[in-house]
Amino acid sequence: MRDLLSQVPLFNELQPQDLDPIARGTSEISAVRGDIIFRRGDPCLGFHVVVYGQVKLVFVSTSGVERVVRLIGPGDGFGEALMFMGKDYIVTAEALRDTLLLHVGRDALFDQLDRNPGMARKMLAGLSQRLYTLMGDVEAYTLHTGAQRLITYLLREWRGEAGEPFRIEISKAVVASRLNLTPEHFSRILRELSGRGLIRVRGREYTILDPDGLRGYKG
């Protein structure tokens with residue numbers, strides 16, 4: 001448990017002895033695809049870290065329409081800010097595939113911070129990195145076209161070999177929502193990129209045919 005926690009960005013700067021009490025207040029949560037880990041309005045009593053699998057964070061409207069806020073993969077955490085603020089969850093978390101999570105209990109963490117205030121300074125670096133990443137997301141949504149957002153996502157998922165197919169296991173609707181695109185706009189962009197010979201799409205299998213052309217495409 002301690003080794004897993006040492007890989008969490010929030011705890012990168014902590015010493016092993018600092019992590020032992022936190023590990024004792026950490027539990028494992030197993031979820032299968034479709035399981036709800038928590039819902040908006042539930043009390044936030046700690047934060048979660050994905051060991052393996054994938055989780056989506058969504059806003060759900062009163063009519064049931066989902067807006068994907070974030071996709072969480074292995075090694076990434078969520079809920080830290082709300083835990084420190086003492087707020088309830090503002091999103092719903094759902095497992096997109098079979099997933100193992102760690103739940104770091106708030107009480108054990110706060111007790112350790114009270115005993116060792118220097119830990120707080122070390123943990124600020126992890127929270128600052130998260131804020132920096134979120135600001136990058138805001139920039140992408142406001143300054144980049146839909147095509148540029150999708151291209152950035154595909155290049156991030158790509159293993160770097162032109163002509164070699166790779167799979168994106170989550171549905172196109174989830175990817176579109178995460179990129180702030182309607183499903184129709186998402187499909188239009190895929191058709192445009194495919195028609196130009198930049199990519200090939202077969203179901204959830206994608207192939208980047210022209211990496212340089214894809215990077216240079218402005219939409």
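All figures in this text were calculated on a predicted structure; none of them were measured in a lab.
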Specify the closest pair of heavy atoms between [X] and [Y], including all atoms of both residues, with the distance to one decimal.
X: L150; Y: L190; result: CD2-CD2, 3.8 Å
X: A93; Y: V55; result: CB-CG1, 4.0 Å
X: I37; Y: A95; result: CD1-N, 4.3 Å
X: G46; Y: C44; result: O-SG, 3.1 Å
X: Y89; Y: L45; result: OH-N, 4.5 Å
X: R2; Y: D20; result: CD-OD1, 3.0 Å

Atom CG of L155 and atom CG of L214: how far apart are they, to the nearest 0.5 Å? 5.0 Å
Rounded to the nearest 0.5 Å, the CG atom of L181 sits from the CD1 atom of I189 at a distance of 5.0 Å
When you look at CZ of R33, are more than 12 heavy atoms from neighbouring residues, nucleotides or ligands closer to it than 6.0 Å? no
Charged N to carboxylate O under 4.0 angstrom, [X] versus [Y]?
X: R196; Y: E192; answer: yes
X: R39; Y: D42; answer: no
X: R70; Y: D76; answer: yes
X: K56; Y: E66; answer: yes

Look only at the side chain of S177 and the backbone of V68, and say whether a donor-acceptor pair between them is shorter than 3.5 Å.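 Flag set: sc S177 to bb V68 pair under 3.5 Å.
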Partners meeting salt bridge (Lys or Arg N to Asp or Glu O under 4.0 Å) with D111 (sequence neighbours left out): R115
Salt bridge (Lys or Arg N to Asp or Glu O under 4.0 Å) involving R167 - partner list, sequence neighbours excluded: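 By the salt bridge (Lys or Arg N to Asp or Glu O under 4.0 Å) rule, R167 matches E169.
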Taking the side chain as everything from C-beta on, heavy atoms only, tell me whether F47 gets closer than 4.5 Å to L109.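 In short, these two side chains touch, coming nearer than 4.5 Å.
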Under 30°, 30 to 60°, or over 60°: which ring-plane class applies to H48 and F38, parallel, tilted or perpendicular? tilted
